[in-house]
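Side chains are part of it too, since the values below use all heavy atoms of this structure and drop only hydrogens, waters and symmetry mates. Every chain is numbered from 1, with letters handed out A, B, ... down the list of sequences.
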2 protein chains.
Amino acid sequence: MNISSRFAVAIHILSVLEMNKAGISTSDYIAESVNTNPVVIRRIVGMLSKAGLVEVKPGVAGAKLAKHPAEITLLDIYHAVHVVQEDSLFSIHENSDAKCPVGKHIQTAIVPVFSAAQKAMENTLHEVSLEEIIRNIYASANGTLNEN
Amino acid sequence: MNISSRFAVAIHILSVLEMNKAGISTSDYIAESVNTNPVVIRRIVGMLSKAGLVEVKPGVAGAKLAKHPAEITLLDIYHAVHVVQEDSLFSIHENSDAKCPVGKHIQTAIVPVFSAAQKAMENTLHEVSLEEIIRNIYASANGTLNEN
DNA sequence: CTAGCATGTAACCATCATAGTTACATTACA
DNA sequence: TGTAATGTAACTATGATGGTTACATGCTAG
């Protein structure tokens with residue numbers, strides 16, 4: 001089990017919006033770069049829009065970033081696309097037997113640890129901005145220029 | 001999407017093995033505490049056995065911890081039950097369009113960040129031992145003694 | 001002002017992981 | 001030797017996901 005590729009695709013989309021900000025990024029255009037269906041793009045863009053990360057209007061072609069890339073963290077994107085519902089990365093087995101001491105208290109015992117682990121992961125995402133990702137893309141592109 | 005409850009159940013199982021080490025913990029016995037089917041328990045115990053965390057033999061009733069609880073970390077358990085295949089918590093969208101600079105380099109740009117986030121989470125799990133979980137269970141049990 | 005294009009979304013499908021369940025073979029021990 | 005427990009295969013139901021078609025809504029250019 002792993003985290004939905006929506007997250008990676010969302011980062012991809014936002015990177016396209018920034019790097020193509022001189023042009024018009026329609027869902028068809030983005031879909032080509034991501035290599036998927038335009039509806040998939042529109043779905044994710046819709047989520048990013050609801051989260052206030054992009055601006056898009058029905059009928060008018062193209063989406064734009066709603067903020068500067070430095071002000072968008074990967075955690076913002078992560079939350080926007082709902083890769084994890086209700087902030088519970090780990091699922092706990094409900095309905096343990098309350099007659100057993102382990103069953104009765106296991107939940108209380110592990111929830112704080114799961115929460116800490118999730119927070120540690122999210123903190124890492126919080127420390128990285130879209131701008132840094134885009135810098136990485138440019139760096140990677142420069143590093144492979146002679147390959148092209 | 002969230003991480004399989006196998007992880008939480010595995011912790012539950014190991015806690016039962018330790019706290020009931022004076023008795024015999026059969027899959028039926030454990031299943032009652034977890035409130036699930038004995039086969040589910042046997043499946044997970046099998047994984048824990050392959051990982052060298054428990055000792056169990058066909059035909060002989062009950063499983064035992066193979067190590068001291070202080071020497072079993074939550075990360076060990078996490079890996080044992082394969083909640084994440086191939087150590088890839090985050091999935092990346094393959095087959096991006098190589099003709100687009102974003103599509104060509106997005107993967108290189110985000111993989112290190114995803115890896116760091118995953119590592120941060122796993123480090124947290126690595127810092128917590130089964131022994132601490134069991135202490136938490138006892139603490140929780142003591143804190144609610146007057147409720148019973 | 002209308003025709004065409006783009007977004008928004010519903011609906012459906014195939015795929016996959018999961019948890020639960022039944023059934024049965026294998027193995028130990030009393 | 002027979003009972004009981006583990007090990008597993010096989011099947012089912014469920015839920016999330018990504019892809020796809022279809023269509024309603026809404027701009028905007030000509």
Side-chain angles (χ1 to χ4, degrees), chain A residues 1-10 12-13 16-17 20 23-32 34-51 54-64 66 81-86 88-96, chain B residues 1-10 12-13 16-17 20 23-32 34-51 54-64 66 81-86 88-96:
Chain A
M1 180 54 52
N2 45 20
I3 288 174
S4 164
S5 71
R6 274 203 308 276
F7 184 32
V9 172
H12 190 149
I13 291 172
V16 168
L17 294 191
N20 185 44
I24 298 177
S25 301
T26 66
S27 59
D28 278 66
Y29 173 86
I30 304 171
E32 203 162 310
V34 177
N35 192 31
T36 184
N37 193 288
V39 176
V40 173
I41 301 298
R42 290 204 287 272
R43 270 205 284 250
I44 297 178
V45 167
M47 291 178 174
L48 296 171
S49 168
K50 278 202 184 98
V54 308
E55 283 169 357
V56 59
K57 284 191 217 114
V60 42
K64 297 283 180 188
V81 296
H82 303 120
V83 293
V84 157
Q85 70 276 38
E86 289 184 16
S88 55
L89 175 62
F90 298 90
S91 41
I92 51 181
H93 190 83
E94 313 280 349
N95 315 330
S96 293
Chain B
M1 180 54 54
N2 45 22
I3 286 174
S4 164
S5 70
R6 272 203 308 276
F7 185 31
V9 172
H12 190 148
I13 291 172
V16 168
L17 294 191
N20 184 44
I24 298 177
S25 302
T26 66
S27 60
D28 278 65
Y29 173 85
I30 303 171
E32 202 162 311
V34 177
N35 192 32
T36 184
N37 193 289
V39 175
V40 173
I41 301 299
R42 290 204 286 271
R43 270 206 284 253
I44 298 178
V45 167
M47 291 178 172
L48 297 171
S49 168
K50 277 201 184 99
V54 308
E55 283 169 357
V56 58
K57 285 193 214 111
V60 42
K64 296 284 180 187
V81 296
H82 303 119
V83 293
V84 157
Q85 71 276 41
E86 288 183 17
S88 56
L89 176 62
F90 298 90
S91 41
I92 51 182
H93 189 82
E94 311 281 350
N95 315 330
S96 293

Counting heavy atoms from C-beta on, name the nucleotide in [options] closest to the side chain of [X].
| X | options | answer |
| --- | --- | --- |
| Asn37(A) | dG19(D), dG18(D), dA19(C) | dG19(D) |
| Ser5(A) | dG18(D), dA28(C), dT22(C) | dG18(D) |
| Arg42(A) | dG7(D), dG18(D), dG8(C) | dG8(C) |
| Ser27(B) | dT8(D), dT6(D), dA10(C) | dT6(D) |
| Val40(A) | dG20(C), dT20(D), dT28(D) | dT20(D) |
| Arg43(A) | dC27(D), dG18(D), dT27(C) | dG18(D) |
| Ser4(A) | dG20(C), dT28(D), dG18(D) | dG18(D) |
| Pro58(B) | dA23(C), dG20(C), dT6(D) | dT6(D) |

* Asked: Can you name the nearest heavy-atom pair linking Phe7(A) to Val83(A), along with the distance?
  ->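 Heavy atoms only, the tightest pair is CB-CG1, 3.7 Å.
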
Donor-acceptor contacts, no H, no angles, side chain residues 38-51 of chain B, under 3.5 Å, sequence neighbours left out:
residue  : atom : partner  : partner atom : Å
Arg42(B) : NH1  : Ser27(B) : OG           : 3.1

Measure [atom1]/[X] against [atom2]/[N] and give the value in whole Å, please.
| X | N | atom1 | atom2 | value |
| --- | --- | --- | --- | --- |
| Ile30(B) | dA19(C) | CD1 | P | 16 Å |
| Asp28(A) | dT21(D) | CG | P | 13 Å |
| Leu17(A) | dT7(C) | CG | P | 11 Å |
| Lys64(A) | dA6(C) | NZ | C1' | 15 Å |
| His82(B) | dC16(C) | NE2 | C1' | 18 Å |
| Ile92(B) | dG18(D) | CD1 | C1' | 16 Å |
| Ile41(A) | dT20(D) | CD1 | C1' | 14 Å |

* 5' priority, DNA chain C, between Ala61(A) and Lys50(A) [closest heavy atom] ->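 Nearest nucleotide further toward 5': that of Ala61(A).
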
* Identify whether any heavy atom of Val56(A) sits under 4.0 Å from a base atom; if not, whether one sits that close to sugar-phosphate; answer base, sugar-phosphate or nothing. =>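 Sugar-phosphate contact only.
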
* With a 4.0 Å cut-off on heavy atoms, is Arg6(A) in touch with a base, just the backbone sugar-phosphate, or nothing at all? ->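 The residue Arg6(A) makes sugar-phosphate contact but no base contact.
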
* OP1 or OP2 of dG19(D) less than 4.0 angstrom from a side-chain nitrogen or oxygen of Thr36(A), does that happen here? ->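 For dG19(D), OP1 or OP2 has a side-chain N or O of Thr36(A) closer than 4.0 Å.
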
